[in-house]
Number of protein chains: 2
Amino acid sequence: MNEVSNFFKSAFSVDNIIFGFDEGDLKVLLIKRGQAPFKGLWALPGDLVYPNEDLETAANRVLDELTGLENVYLEQVRTFGAVDRHPLGRVITIAYYSLIKIADFSPHASSFAQTVKWHNVSQAQKTKLAFDHNIILNTCFNALKQKVRVRPVGFELLPPKFTLTELQHLYEAILRTKLDKRNFRKKILSMNLLIDRNELQEGVPHRPAKLYQFDKERYQQLEAEGFNFELKESTKKERRKKLAELMDNG
Amino acid sequence: MNEVSNFFKSAFSVDNIIFGFDEGDLKVLLIKRGQAPFKGLWALPGDLVYPNEDLETAANRVLDELTGLENVYLEQVRTFGAVDRHPLGRVITIAYYSLIKIADFSPHASSFAQTVKWHNVSQAQKTKLAFDHNIILNTCFNALKQKVRVRPVGFELLPPKFTLTELQHLYEAILRTKLDKRNFRKKILSMNLLIDRNELQEGVPHRPAKLYQFDKERYQQLEAEGFNFELKESTKKERRKKLAELMDNG
DNA sequence: TCAAAAGTGTTGGTCATACACCCATGA
DNA sequence: TCATGGGTGTATGACCAACACTTTTGA
């Protein structure tokens with residue numbers, strides 16, 4: 001057991017939790033397993049890491065092989081390494097999540113259609129997934145929830161031009177809360193990170209909304225100068241409730 | 001390369017960044033390497049993970065072997081897996097940090113004294129460490145900085161009873177900023193998470209301070225109810241400066 | 001009596017929240 | 001003309017930031 005060579009008998013994989021946003025819902029891309037173990041169950045896309053491959057490269061490869069997309073937002077979240085998590089041997093997995101623009105990849109159009117599918121995240125969380133993938137999905141979703149409050153990564157899930165309502169719905173889906181329309185707009189616009197394209201939606205059966213674009217360069221500049229993108233995490237009502245509880249218990 | 005068995009030739013290690021707090025400074029426990037590679041350089045404590053050992057168990061073991069401490073605050077941060085990061089082969093490492101009460105372990109008293117030493121974090125960050133340990137240390141320090149703003153983990157670094165000034169110095173050391181005494185006290189005390197022990201410091205050459213204790217049970221209860229411990233991250237002055245820059249650039 | 005740190009309140013400003021109506025379009 | 005979502009402003013209150021002097025102890 002103390003021979004160094006005895007240690008070099010493990011493998012590691014990456015799992016890449018691919019998030020998309022469509023029709024007001026946050027989605028995650030799952031694969032139906034065609035073979036044992038866990039045959040027939042939905043699983044997170046992942047693969048063993050090649051011996052000469054960096055972890056991020058592997059995560060990008062998984063994404064690329066599945067969707068054909070490259071240069072996508074990718075974030076390492078956590079490593080899962082319970083001894084018995086994989087039936088084939090000691091395999092620890094490094095979990096990443098990616099944020100993609102859902103229009104860029106639709107499994108309906110691909111030959112995978114039967115086995116690769118976008119799932120509503122809330123529903124996927126309730127479904128029994130292969131391996132320890134439920135825990136991984138929860139962890140990654142929470143990481144995204146955390147991140148989105150503190151960095152403007154939500155835009156990675158939207159098309160290049162979007163309306164403020166779409167953006168708001170995105171935040172509502174990720175934070176799982178309702179936001180006040182006027183306050184949301186005020187806050188977002190006050191950051192001066194959106195470019196008004198001076199274009200309108202077309203073909204909608206109501207007053208068309210203005211289209212905006214995220215000003216990434218400006219954000220990066222401000223970030224370098226110490227600016228912090230930040231959204232709050234609870235409504236006043238909620239905080240009041242908490243305070244009341246605090247009083248009761250104290 | 002596609003044979004599954006080819007993959008089971010890697011190893012993984014844990015590195016455990018052990019933080020302590022003393023004399024107003026945040027410290028990190030480093031080990032001087034006695035053999036190649038990187039002989040003579042300081043390194044983060046770590047070890048290969050046994051085949052039948054969970055990752056957290058391994059991180060705890062590293063801590064226990066080094067300090068004799070158990071049941072210590074431990075947090076996984078990130079996994080580092082660059083192909084060439086270890087000269088002996090493919091070894092990826094999962095980085096954890098621990099927070100310990102520095103009085104519980106002093107390497108001066110141990111036989112390690114020559115090779116295990118508390119280092120000031122700022123200085124360690126400027127020193128060349130073994131492997132990719134500079135990057136790991138920076139990442140873990142930043143994770144701690146982040147965490148401490150949002151969860152009351154700082155108390156893990158203090159003795160069970162402490163003064164408010166000690167607590168403030170701790171935050172100042174981790175956040176690397178000065179805090180206003182009155183505002184800090186107001187904020188901390190308003191959370192109702194400190195128990196006033198009705199004891200005073202003894203033998204100090206000035207007015208003795210009251211001793212407090214962190215009310216962990218109460219915190220856990222409040223947390224379960226949705227309460228959020230939260231300190232802000234920048235001073236008003238800083239934000240004003242940023243705003244001014246924003247105006248200039250906009 | 002001196003040095004050193006403990007302890008303590010108020011004010012002004014900023015920012016978050018709450019909230020309701022009119023507008024533009026396609027059907 | 002109706003249904004649908006787009007777009008807009010203000011008043012209130014909470015919280016944060018700034019700031020200086022008195023108190024208690026040991027030497």
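In what follows, chains are A, B, ... by sequence order, proteins preceding strands, each numbered from 1. Everything quoted here is computed from the prediction, not taken from an experiment.
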Thr165(B) side chain near dA5(C) phosphate (N/O to OP1/OP2, under 4.0 Å):
no

Starting at the 5' end of DNA chain D and moving along, which residue's nearest nucleotide shows up first, Leu200(B) or Leu164(A)?
Leu164(A)

Using heavy atoms to find the nearest nucleotide of DNA chain C for Lys210(B) and Gly203(A) separately, return the residue whose nucleotide is more 5′.
Lys210(B)

Which residue lies more 5' along DNA chain C, comparing Asp180(A) with His206(A) via nearest heavy atoms
Asp180(A)

Once you round it to whole Å, what is the distance between [atom2] of [N] and [atom1] of [X]?
{"X": "Leu189(A)", "N": "dG6(D)", "atom1": "CG", "atom2": "P", "value": "14 Å"}
{"X": "Tyr212(A)", "N": "dG6(D)", "atom1": "OH", "atom2": "P", "value": "12 Å"}
{"X": "Lys187(B)", "N": "dA14(D)", "atom1": "NZ", "atom2": "P", "value": "16 Å"}
{"X": "Glu202(B)", "N": "dA5(C)", "atom1": "CD", "atom2": "P", "value": "19 Å"}
{"X": "Lys181(A)", "N": "dC19(C)", "atom1": "NZ", "atom2": "P", "value": "16 Å"}
{"X": "Gln201(B)", "N": "dT23(D)", "atom1": "CD", "atom2": "C1'", "value": "15 Å"}
{"X": "Asp196(A)", "N": "dG6(D)", "atom1": "CG", "atom2": "C1'", "value": "14 Å"}
{"X": "Lys186(A)", "N": "dA11(D)", "atom1": "NZ", "atom2": "P", "value": "12 Å"}

Residues Tyr212(B) and Arg197(B): closest non-hydrogen pair is C-CG, 4.2 Å

Reckon Thr163(B) touches a base, only the sugar-phosphate, or nothing at all at heavy-atom distances under 4.0 Å?
nothing

Does Glu230(B) form a salt bridge (charged side-chain N to carboxylate O under 4.0 Å, His left out) with Lys187(B)? I'd like the steps, not just the answer.
CA-CA 10 Å; Glu230(B) 199 128 355; Lys187(B) 178 90 190 234; over 6 Å; no

Counting only heavy atoms not in Ile102(A), do more than 12 fall under 6.0 Å of its CD1?
yes

Donor-acceptor check, side chain of Glu166(A) to backbone of Thr163(A), threshold 3.5 angstrom: yes or no?
yes

Expected output: side-chain Asn16(B) to main-chain Pro45(B) donor-acceptor under 3.5 Å:
no

Of the options [options], whose atoms approach the side-chain atoms of [X] most closely?
{"X": "Asn183(A)", "options": "dG9(D), dG6(D), dA6(C)", "value": "dG9(D)"}
{"X": "Arg182(B)", "options": "dG6(D), dC16(D), dA20(D)", "value": "dA20(D)"}
{"X": "Arg207(A)", "options": "dG6(D), dT10(D), dC19(D)", "value": "dG6(D)"}

